[in-house]
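Read the structure below first, then the notes.
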Amino acid sequence: MMKEVDFMDSILNIAVCEDLPSDMARLCAQLKATNRPMQILPFESGEAFLQSFSPGRYQLVFFDIYMKDITGVEAAQALRQADDNCIIIFTTTSREHALESYQLKALRYLVKPTKQEDVEEALAQGVKLLTPKEKPGCTVLSDKKERHILFEEILYAEVYNHRSLIHTTKEVVATYMKIGELEQLLPNPPFLRCHQAYIVNMDYVAELSQDFIMKNGAKVYIPQRNYRKIRDAYSRHLIESVRGGL
């Protein structure tokens, strides 16, 4: 697994494709004036850029749309086929190719002559997109130590021997926190208090029969008196999950 990088402080690898020396010098100077740590590699043509390109090599690429032979749009199309994460920013004297830039998931469209404030804003937006967002979770006390657990890793929780056991994709975390207190920390949905002694993450349910069968094969019990209410809550969650994926 690749280690997440904090692009707020790390060195950015930026490629600038401009076939006019004056435009190249202006944009490179504006980038350097932002005082962010970066390495700028200039290219006078789309061909030269593509010869040096490999997926993941650059975090941001500035393309002049109107270059000779291979245009900036064509070079960006070749880049995007191999790298879906690289930030693309177009520079141009016309907005004629705005639709194509949208299809290539370009971040910005900077009109020449580029302005310092526009370059700084585009760079800040790019860095924000590149910086991993903190994933939500909760903190519990286990073996006298605080443990932070991501919500997306929790399968279910149960009461056992006067403790709450939090079953995750990696391990089981035991805490003396009451399950009612734990319930208050877990967002609903996807978490559902389906039993006096159980909280289930509905995203990890493989099957609902008389009880929940989890994707790891575990069984999470449902009281028969509450079965219809729990089934309806789970059905609503499934419907909302499908809608959210459309």
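Along the sequence shown, the residues carry numbers beginning at 1.
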Is [Y] paired with [X] through a side-chain N to carboxylate O contact shorter than 4.0 Å?
X      : Y      : result
Lys135 : Glu153 : no
Glu183 : Lys178 : no
Glu207 : Lys219 : no

In the structure I gave you, are the side-chain heavy atoms of [X] and [Y] within less than 4.5 Å of one another anywhere?
X      : Y      : value
Leu79  : Phe63  : yes
Leu192 : Val200 : yes
Leu123 : Leu60  : yes
Pro113 : Arg26  : yes
Pro189 : Glu240 : no
Val127 : Arg36  : yes
Tyr66  : Thr93  : yes
Lys112 : Asp23  : yes

Under 3.5 Å, is there a donor-acceptor pair between the side chain of [X] and the main chain of [Y]?
X      : Y      : value
Glu158 : Ala197 : no
Thr34  : Glu120 : no
Tyr204 : Glu152 : yes
Arg236 : Leu238 : no
Gln51  : Ala48  : no
Arg80  : Asp83  : yes
Asp19  : Glu44  : no

Contact summary for [X] and [Y], nearest pair of heavy atoms:
X      : Y      : value
Met67  : Glu18  : SD-N, 4.2 Å
Gln39  : Ile11  : N-CG2, 3.9 Å
Ala174 : Arg163 : CB-NH1, 3.6 Å
Ala75  : Ile70  : N-CG2, 3.7 Å
Leu41  : Arg57  : CD2-NH2, 3.7 Å
Pro223 : Cys194 : CD-O, 3.1 Å

* Passing candidate, side chain to side chain contact (heavy atoms under 4.5 Å, CB included) with Ile89, options Asp118, Ile14, Val61, Leu110 ->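 Exactly one option meets the side chain to side chain contact (heavy atoms under 4.5 Å, CB included) with Ile89, and it is Leu110.
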* Start with the C-alpha distance between Ile87 and Leu129, add both sets of side-chain angles, then the distance that settles side chain to side chain contact (heavy atoms under 4.5 Å, CB included), and finish with yes or no. => CA-CA 8 Å; Ile87 304 296; Leu129 287 175; 4.0 Å; yes
* Do Gln77 and Gln81 get their side chains close enough for a donor-acceptor pair, meaning under 3.5 Å? ->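 Absent: no donor and acceptor within the cut-off.
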* To do: Using only heavy-atom distances, determine whether the side chains of His167 and Asn216 contain a donor-acceptor pair under 3.5 Å.
  =>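 Side chains of His167 and Asn216: no pair found under 3.5 Å.
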* Could you walk me through whether Tyr58 and Phe49 pass the ring pair (Phe, Tyr, Trp, His ring centres under 6.0 Å) test, one step at a time? => CA-CA 11 Å; Tyr58 305 106; Phe49 167 78; 5.6 Å; yes
* To do: Group every Ile, Leu, Val, Met, Phe, Trp and Tyr by side-chain heavy-atom contacts under 4.5 Å, then state whether Tyr176 and Tyr198 land in the same group.
  =>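 No.
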Is atom [atom1] of [X] surrounded by more than 12 heavy atoms (other residues, nucleotides or ligands) closer than 6.0 Å?
X      : atom1 : result
His162 : NE2   : no
Glu47  : CD    : yes
Asp232 : CG    : yes
Tyr160 : OH    : no

* Ring center gap for Phe212 and Tyr234 short of 6.0 angstrom ->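 Under 6.0 Å, so yes.
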* **Rounded distance (nearest 0.5 Å) linking atom CG of Asn35 with atom CE of Met38** =>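 With rounding to 0.5 Å, CG (Asn35) is 8.5 Å from CE (Met38).
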* side-chain hydrogen bond (donor to acceptor under 3.5 Å, both in side chains) between Asp203 and His237, intermediate numbers included -> CA-CA 9 Å; Asp203 288 339; His237 178 66; 2.7 Å; yes
* Going by side-chain heavy atoms closer than 4.5 Å, which hydrophobic residues are tied to Leu182, directly or by a chain of links? ->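 Leu182 clusters with Val140, Ile149, Phe151, Ile154, Val159, Ile166, Val173, Met177, Ile179, Leu185, Leu186, Phe191, Ile199.
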